[in-house]
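Whatever order the structure lists them in is the order used to number ligands and atoms, beginning at 1. Worth knowing before you read on, the calculation uses all heavy atoms, side chains too, and leaves out hydrogens, waters and symmetry mates. Quantities reported herein were computed from a predicted structural model and do not represent experimental measurements.
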Amino acid sequence: MLAVIAARFDPDDPLAALDVAEQPEPEVPDGWVLVEMRAASLNHHDLWSLRGVGLRAEQLPMILGCDGAGVDPDGNEVILHAVIGDPDAGHGDETLDPRRSLLSERHPGTLAERVAVPRRNLVPKPPALSWEEAACLPTAWLTAYRMLFTRADLRPGDTVLVQGAGGGVATALIALARGAGLRVWATSRDEAKRAKAIELGAHAVFTTGERLPERVDAVMETVGRATWSHSLKSLRPGGAIVVAGATSGNNPPADLAQVFFLQREVIGSTMGTRDELVHLVSFCDAAGIRPLIDEVRPLADARAGMARLRDGDVFGKIVLTM
Ligand SMILES: NC(=O)c1ccc[n+]([C@@H]2O[C@H](COP(=O)([O-])OP(=O)(O)OC[C@H]3O[C@@H](n4cnc5c(N)ncnc54)[C@H](OP(=O)(O)O)[C@@H]3O)[C@@H](O)[C@H]2O)c1
C-alpha cells in the first residue's frame, strides 16, 4: 500500500527525511481493526517526527499521520481517535496514561491507504461531515476542544485570546470558541491571516505582540517563545494560559513575577480523550461548525502539502485523500 513515511531524520530539513513509498500491509493485533482510509490531515507533529523528535532510529521507516477518517471492516464510516492509551492507567483519562502514544509514534500512522487501530479508537462519523472535514478533527481540533472546555474554566461571554491565528489548532480554537459564545480575540503576524480570522469568527484581531484594549480571561497558546511574554501580559489577574504547543521555541523567559504576583495559572494540555472527541464531533454536527480546510491533495502529493506546513504558509488544515 502507498504511505507517507519518515525514512530517516533530518533536524534541519524535514522534507529531506520524507518519502512516499509502498509499505507492507499493517499488522492487526487482537482487539484492533483495519480501517480503509478515505482522508487524513497533516499536523506539525509530522514535521517534528521527520526532524527526529519523539522517534528512535530503529523505528524507521515510520508511517506518519495522526489524523484520519475511513471505513471499518463492517462498512461503518469512522473517525480515528489518535491517542493510543489505557484510560485505567490514567485515572480514567487515556491522555494521562504514562505509556500513551499518538498514531505514528509507536504504531504506524494514518498517512496510508490502510491503518490498524484499537477498536475503542473508532468514533462514528456523522453523515453531515465530509471525509475531509472529519479527518481534521482528531488532533488539532480535539486539542483545541480540550484546551477551551476541559482545561480552561471559561463561560459564555468571557474573552479568550488565540495566538498565531493561522495554525490548525488556532483556527479550531477560533471557530469553537465563537460557537460556544466566547468573545474571541486573535493575533497573527500576517494581515491576510488576520482578515481570515475575522471571517472565521474572531471578534477582533491584533498584530503579534500588540497591546490589547483590555486584559483577557484566558490565552490559548501554541506559538511558544514568540508570543509567551505577550500572553502573560495580556492575561487578567487570576486568568489562565492554556499551552498545547511551542512552534517558535520551547524556552521563553518564564517571567515568574508575572505569574505569581497576579496569580495567573499556566495549564498544559495535550490532545484529548475519546469521550472529548465524541463531544467535539457532536458539537460540530449540532452547531454546524466545520473545520477550515486550506487545501486538499491526493496522498501521493504529501510532500507539497508538508512543505506548506513547514513554511507556515497555511490557514486551516491541509488534507490528503486516498
Ligand atoms: N499538545 C497537543 O496535543 C498538540 C496537538 C496539536 C498541535 N500541537 C502543537 O501546537 C503547535 C501548533 O500547531 P499547528 O499545526 O496548529 O500550527 P503551526 O503550523 O505550528 O503554526 C501555528 C502558528 O504559529 C505562529 N508562528 C509560528 N512561528 C512563529 C513565529 N516565529 N513568530 C510568531 N508566530 C509564529 C503562526 O501564526 P501566524 O502566522 O498567524 O502569526 C502559525 O500559524 C505545534 O507546535 C504543534 O506541535 C500540540
Side-chain angles (χ1 to χ4, degrees), residues 14 41-51 53-54 64-67 81-85 93-96 100-105 136-148 150-151 161-176 185-198 200 202 205-210 219-231 242-252 267-273 276-277 280 291-295 305-319:
S41 71
L42 303 184
N43 287 288
H44 215 94
H45 185 279
D46 305 315
L47 289 170
W48 295 126
S49 300
L50 291 163
R51 290 190 163 104
V53 178
L64 299 172
C66 309
D67 273 337
H81 180 39
V83 180
I84 312 293
D93 180 335
E94 67 266 30
T95 67
L96 300 178
R100 66 118 171 84
S101 67
L102 301 189
L103 287 171
S104 80
E105 288 179 352
C136 296
L137 296 181
T139 300
W141 277 67
L142 179 61
T143 300
Y145 183 92
R146 182 177 174 94
M147 291 171 79
L148 285 167
T150 305
R151 304 298 279 152
L161 175 68
V162 178
Q163 298 281 20
V169 180
T171 53
L173 286 164
I174 293 169
L176 291 172
W185 290 355
T187 67
S188 175
R189 298 166 293 179
D190 181 73
E191 189 178 347
K193 287 188 191 177
R194 291 196 294 275
K196 285 186 188 165
I198 293 281
L200 185 59
V205 286
F206 304 90
T207 56
T208 304
E210 184 180 335
V219 180
M220 301 294 126
E221 175 63 83
T222 59
V223 179
R225 186 177 179 85
T227 52
W228 185 252
S229 160
H230 180 252
S231 292
V242 183
V243 53
T247 296
S248 64
N250 256 334
N251 284 308
I267 301 173
S269 195
T270 283
M271 297 297 290
T273 63
E276 286 166 326
L277 179 58
L280 165 65
L292 186 73
I293 296 174
D294 183 292
E295 184 177 52
M306 211 73 87
R308 291 197 54 216
L309 198 63
R310 175 201 59 193
D311 297 342
D313 168 33
V314 287
F315 194 86
K317 296 285 288 173
I318 296 181
V319 179

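- In summary, Asp93 and Arg146 engage in a salt bridge, as defined by a charged side-chain N under 4.0 Å from a carboxylate O.
- Checking side-chain atoms of Arg100 against main-chain N and O of Thr95 turns up a donor-acceptor pair under 3.5 Å.
- Residue contacts with ligand 1 include Trp48, since one or more of its heavy atoms lies under 4.0 Å from the ligand.
- Counting only distance, with no hydrogens or angles, the side chain of Ser104 and the backbone of Leu64 share no donor-acceptor pair below 3.5 Å.
- Remark: side-chain polar atoms of Ser248 are paired, donor with acceptor, to backbone N or O of Arg225 under 3.5 angstrom.
- Annotation: atom 13 (O) of ligand 1 to nearest protein heavy atom, His44 CB, 4.0 Å.
- Of the protein's non-hydrogen atoms, the one nearest atom 25 (C) of ligand 1 is Val223 CG2, 3.7 Å.
- Annotation for ligand 1: atoms under 4.0 Å from non-hydrogen atoms of Ser248 are 29 (C), 30 (C), 31 (N).
- Heavy-atom proximity to atom 32 (N) of ligand 1, evaluated over Gly316, Ala226, Ala192, is greatest for Ala226.
- Nearest residue to atom 12 (C) of ligand 1 from Leu173, Asp190, Thr208, Thr247 is Thr247 (criterion: closest heavy atom).
- Every atom of ligand 1 is numbered from 1 in the order shown, and the set under 4.0 Å from a heavy atom of Val169 is 6 (C), 7 (C), 16 (O).
- With Ser41 as the partner, the side chain to side chain donor-acceptor pair (under 3.5 Å) test is satisfied by one option alone out of Asp67, Thr139, Asp294, Asp46: Asp67.
- Polar contact check, Leu309 against ligand 1: no nitrogen or oxygen pair lies under 3.5 Å apart.
- The atoms of ligand 1 that sit less than 4.0 Å from any heavy atom of Gly164 are 23 (C), 37 (O), 40 (O), 43 (O).
- Taking distance alone, with nitrogen or oxygen atoms compared against 3.5 Å, Asn43 stays at or beyond that limit from ligand 1.
- Using a 4.5 Å heavy-atom threshold, the side chains of Leu102 and Val83 count as touching.
- In the model, Thr187 has a side-chain atom that pairs as donor or acceptor with a side-chain atom of Gln163 under 3.5 Å.
- In Arg189, the parts holding a heavy atom less than 4.0 Å from any atom of ligand 1 are both the side chain and the backbone.
- Among the atoms of Gly167, some N or O lies under 3.5 angstrom from an N or O of ligand 1.
- Of the polar atoms of Met271, at least one N or O is found under 3.5 Å from an N or O of ligand 1, judged by distance alone.
- At most 12 heavy atoms of other shown residues, nucleotides or ligands fall within 6.0 angstrom of atom CD in Glu191.
- Residue Gly312 places no heavy atom under 4.0 Å from ligand 1.
- Residues meeting the salt bridge (Lys or Arg N to Asp or Glu O under 4.0 Å) test with Glu105, sequence neighbours left out: none.
- Under the salt bridge (Lys or Arg N to Asp or Glu O under 4.0 Å) criterion, Glu221 pairs with no residue at all, not counting sequence neighbours.
- Annotation: side chain of Val205 is not in contact with side chain of Ser188 (no heavy-atom distance under 4.5 Å).
- Considering each of Gly268, Ala165, Gly168, the one bringing a non-hydrogen atom nearest atom 14 (P) of ligand 1 is Gly168.
- Listed by number with element, the atoms of ligand 1 under 4.0 angstrom from any heavy atom of Lys193 are 38 (P), 39 (O), 40 (O), 43 (O).
- Of the heavy atoms in Thr143, only side-chain atoms (C-beta onward) come closer than 4.0 Å to ligand 1.
- Those atoms of ligand 1 that come under 4.0 Å of a heavy atom in Ser269, given as number and element, are 1 (N).
- Side-chain atoms of Met306 and Leu50, non-hydrogen and from C-beta on, do get closer than 4.5 Å to each other.
- With distances taken over non-hydrogen atoms, the option nearest atom 9 (C) of ligand 1 out of Cys66, Ser188, Ala244 is Ala244.
- Between Leu142 and Leu137 there is no side-chain heavy-atom pair separated by less than 4.5 Å.
- Protein heavy atom at the shortest distance from atom 10 (O) of ligand 1 is Gly245 CA, 3.6 Å.
- Here is the list of ligand 1 atoms found below 4.0 Å of a heavy atom in Thr222: 10 (O), 11 (C), 12 (C).
- Taking only nitrogen or oxygen atoms, main chain and side chain alike, Thr187 does not reach within less than 3.5 Å of ligand 1.
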